[in-house]
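All residue numbers refer to positions in the sequence shown, counting from 1. Heavy atoms only: backbone and side chains are in, while hydrogens, waters and symmetry mates are out. Model, not experiment: these values are computed from the prediction.
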Amino acid sequence: MVLTPRLPTHTTSFSTQPTHPSAVEANEAIRALVDSRKGMDWTPVEVAEYEVLLIEWAAATQGIGSGVIEAA
């Protein structure tokens, strides 16, 4: 089966960089972590750090603010 993505029927402009400062910081931290582990297995601690950064980024892009202190 071949899946073909649907193109939107309307044009939408997407920014390549989040506009909220904390979203930018979280995005940069995510990129740095991923780049530092390129081609290597991740430790459980790194996976948890990545999950926390994703939560922070998502909260910042939605304008909720971080509030994430530690991973469970």
>> Go through it in stages, so that I can follow the logic: the residues are Trp57 and Val24, the test is side chain to side chain contact (heavy atoms under 4.5 Å, CB included), and I'd like the CA-CA distance, side-chain angles, deciding distance and then a yes or no.
In response: CA-CA 8 Å; Trp57 176 83; Val24 172; over 6 Å; no
Please name the pair of heavy atoms, one in [X] and one in [Y], separated by the smallest distance, quoted to 0.1 Å.
X	Y	answer
Ser22	Ala60	OG-CB, 3.3 Å
Leu33	Glu46	CD2-O, 3.9 Å
Ala26	Leu53	CB-O, 4.1 Å

> Heavy atoms, side chains only, cut-off 4.5 Å: are Val34 and Trp42 in contact?
Replying inline: yes
> Is a side-chain donor or acceptor of Arg37 paired with a backbone partner of Asp41 at a separation under 3.5 angstrom?
Replying inline: yes
> So how far is it from Ile30 CD1 to Asp35 CG, rounded to the nearest 0.5 Å?
Replying inline: 11.5 Å
